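All of these numbers come straight from a predicted model, not from anything done at the bench. Below, read A as the first sequence line, B as the second, and so on, with proteins coming before strands; counting in each chain starts at 1.
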Protein chains: 2
Amino acid sequence: MTEILDISDASAKSQFVLYWGDMGGQWGVNRSVAQIHALLFLSVSPLNAEQISSELGIARSNVSNSLKELVGWKLIRRIPVPGDRREHFGAETDVWEMAMRIAQGRKEREIDPAISAISDCLEKAETEPEIHPEVLKRMQEMQAFLTTVDTWYGQMLNVPKSKLNLLMKMGNKVISLLTLTGKKSE
Amino acid sequence: MTEILDISDASAKSQFVLYWGDMGGQWGVNRSVAQIHALLFLSVSPLNAEQISSELGIARSNVSNSLKELVGWKLIRRIPVPGDRREHFGAETDVWEMAMRIAQGRKEREIDPAISAISDCLEKAETEPEIHPEVLKRMQEMQAFLTTVDTWYGQMLNVPKSKLNLLMKMGNKVISLLTLTGKKSE
DNA sequence: TAAAGAGTTCTGTAATTACAGAAATTACTA
DNA sequence: TAGTAATTTCTGTAATTACAGAACTCTTTA
């Protein structure tokens with residue numbers, strides 16, 4: 001019924017959706033996608049596209065595309081509702097799981113392509129006799145760094161959430177623990 | 001002299017600049033900014049705005065704004081060149097340091113505002129007697145999660161690079177080390 | 001197998017963002 | 001302190017991206 005979220009009834013829930021929506025910009029997803037994600041994250045039961053469309057006041061086609069993107073990130077999934085032929089969607093509600101999915105996506109979209117791009121450059125650089133050694137060195141350091149991060153990312157993504165949680169809660173205590181054995185360098 | 005990077009002379013260096021430039025899109029900075037950053041990262045000596053402008057074929061004004069943004073991220077800094085009144089710029093070349101600066105910026109731009117936005121929502125939610133308890137719970141979990149990550153981030157940003165490096169290189173070995181004492185949950 | 005429902009893809013427009021070039025400002029120099 | 005070099009800010013345009021609504025396709029039901 002409501003075509004657009006009414007400001008006067010701005011419940012905590014709709015405020016969350018609105019906030020999340022425009023934070024999406026910072027995070028690299030558009031407002032529609034972020035709003036839909038927020039809405040589904042706070043929905044107790046799965047919603048169909050029509051419900052999302054009317055609840056948020058965004059076009060049906062836009063909802064369709066946005067849902068596809070969110071499915072691509074594995075942040076939501078189709079949830080069949082018995083006796084209803086329309087597709088319903090529900091969000092992953094475990095925040096750690098959510099974060100891991102986003103991390104996975106970012107690794108694939110940001111880190112992996114960077115590594116392969118730099119590999120190309122390095123390959124080329126090594127055939128250039130006139131290249132300044134410092135330039136070569138910097139490229140190599142960047143490559144080494146990205147590879148380390150990539151590997152680490154990959155490993156962390158396979159650590160059970162509970163342990164990750166523990167690890168983070170410990171924070172920098174882990175460092176002291178590590179360096180009990182090691183020497184006090186840097 | 002060259003107004004624009006010549007494809008035929010696409011050295012490894014300029015290829016790097018080009019790649020880095022359009023990867024910038026993924027990372028949330030525009031092409032100009034990313035290209036300038038790459039150019040400075042690979043420059044052995046600091047460059048002035050005019051050099052950057054002609055080397056990359058982008059407008060002087062654009063260079064000026066982009067430099068300001070990069071300075072804001074602390075990825076480059078002014079480097080005075082004796083006997084030259086023009087401002088010269090040089091990039092941070094330590095890749096770990098670079099990553100920490102970016103992480104710092106992202107924390108400030110992505111995580112911190114998210115936490116404060118959700119705080120607002122939670123505050124409001126707690127005044128709503130009719131709110132679904134599950135909705136409240138999900139908001140709280142999100143808030144708790146972001147706070148944990150934020151704290152962890154803040155701590156990691158103060159860990160010396162060498163130790164961070166060690167930590168990452170160890171990767172998931174850290175987990176086993178941690179859980180030697182702990183119970184086998186999850 | 002027609003009709004209606006649900007979902008997707010296409011097409012044009014609105015909004016945003018990136019950018020060049022001009023104008024204005026600031027900092028030197030003589 | 002006039003003149004010039006260097007830099008920044010302003011203004012309009014180009015390019016990109018987000019989006020609505022229409023057209024289309026596929027699926028189900030009668």
(request) Could you check A:Asn165 against A:Lys161 for side chain to side chain donor-acceptor pair (under 3.5 Å), going step by step and ending with a plain yes or no? (result) CA-CA 6 Å; A:Asn165 194 352; A:Lys161 290 163 286 175; over 6 Å; no
(message) If you assign each of A:Asn65 and B:Ser32 to its closest nucleotide in DNA chain C, which residue comes earlier from the 5' end?
(response) A:Asn65
(request) Take the protein atom CZ of B:Arg78 and the nucleotide atom P of C:dA27, then report the distance between them rounded to whole Å. (result) 12 Å
(message) So, does A:Ser64 get its side chain near the phosphate of C:dT8, meaning an N or O under 4.0 Å from OP1 or OP2?
(response) yes
(request) Classify the nucleic acid contact of A:Asn48 as base, sugar-phosphate or nothing, counting any heavy atom under 4.0 Å across all strands shown. (result) nothing
(request) Kindly compute the distance separating NE2 (B:His37) from CH2 (B:Trp20), expressed to the nearest 0.5 Å. (result) 7.0 Å
(message) Is the phosphate of D:dT9 approached by B:Lys68 (side-chain N or O, under 4.0 Å from OP1 or OP2)?
(response) yes
(message) Looking at A:Arg60, I'd like to know whether one of its side-chain N or O atoms comes within less than 4.0 Å of OP1 or OP2 on C:dG7.
(response) yes
(request) Calculate the interatomic distance between A:Leu56 atom CG and D:dC19 atom C1'; express it in whole Å. (result) 14 Å
(request) Check the distance between D:dT9's C1' and B:Leu67's CG and give it to me in whole angstrom. (result) 15 Å
(message) If I take atom CG in residue B:Leu70 and atom P in nucleotide D:dT8, what distance separates them, rounded to the nearest angstrom?
(response) 13 Å
(request) Write down the distance between CG (A:Asp22) and P (C:dA15), rounded to a whole number of angstrom. (result) 17 Å
(request) Please state whether the phosphate of C:dC19, meaning OP1 or OP2, lies under 4.0 angstrom from any side-chain nitrogen or oxygen of B:Arg31. (result) yes
(message) On the six-membered ring of B:Trp27, is A:Arg109 placed so that its NZ or CZ lies under 6.0 angstrom from the centre and within 45° of the ring axis?
(response) no
(message) Quick check on D:dT8: is either OP1 or OP2 less than 4.0 Å from any side-chain nitrogen or oxygen of B:Ser61?
(response) no
(request) Would you check if the side chain of A:Glu92 reaches a backbone N or O of A:Asp94 as a donor-acceptor pair within less than 3.5 Å? (result) yes
(message) Classify A:Glu50 by what it touches in the nucleic acid, base, sugar-phosphate, or nothing, heavy-atom distance under 4.0 Å.
(response) nothing
(request) May I ask you to say what B:Arg85 touches in the nucleic acid, namely base, sugar-phosphate or nothing, with a heavy-atom cut-off under 4.0 Å? (result) base
(request) Please determine, for the side chain of A:Asn62, which listed nucleotide (C:dC19, D:dA20, C:dG7) has the closest atom? (result) D:dA20
(message) Hydrogens and angles aside, do B:Ser14 and B:Ser11 bring a side-chain donor and acceptor to less than 3.5 Å of each other?
(response) yes
(message) Between C1' on D:dT7 and CD1 on B:Ile52, what's the gap in Å once rounded to a whole number?
(response) 13 Å
(request) Send over the distance from B:Asn30 CG to D:dA14 P, rounded to a whole Å. (result) 19 Å
(request) Using whole Å, report how far CD of B:Glu87 lies from C1' of D:dT8. (result) 11 Å
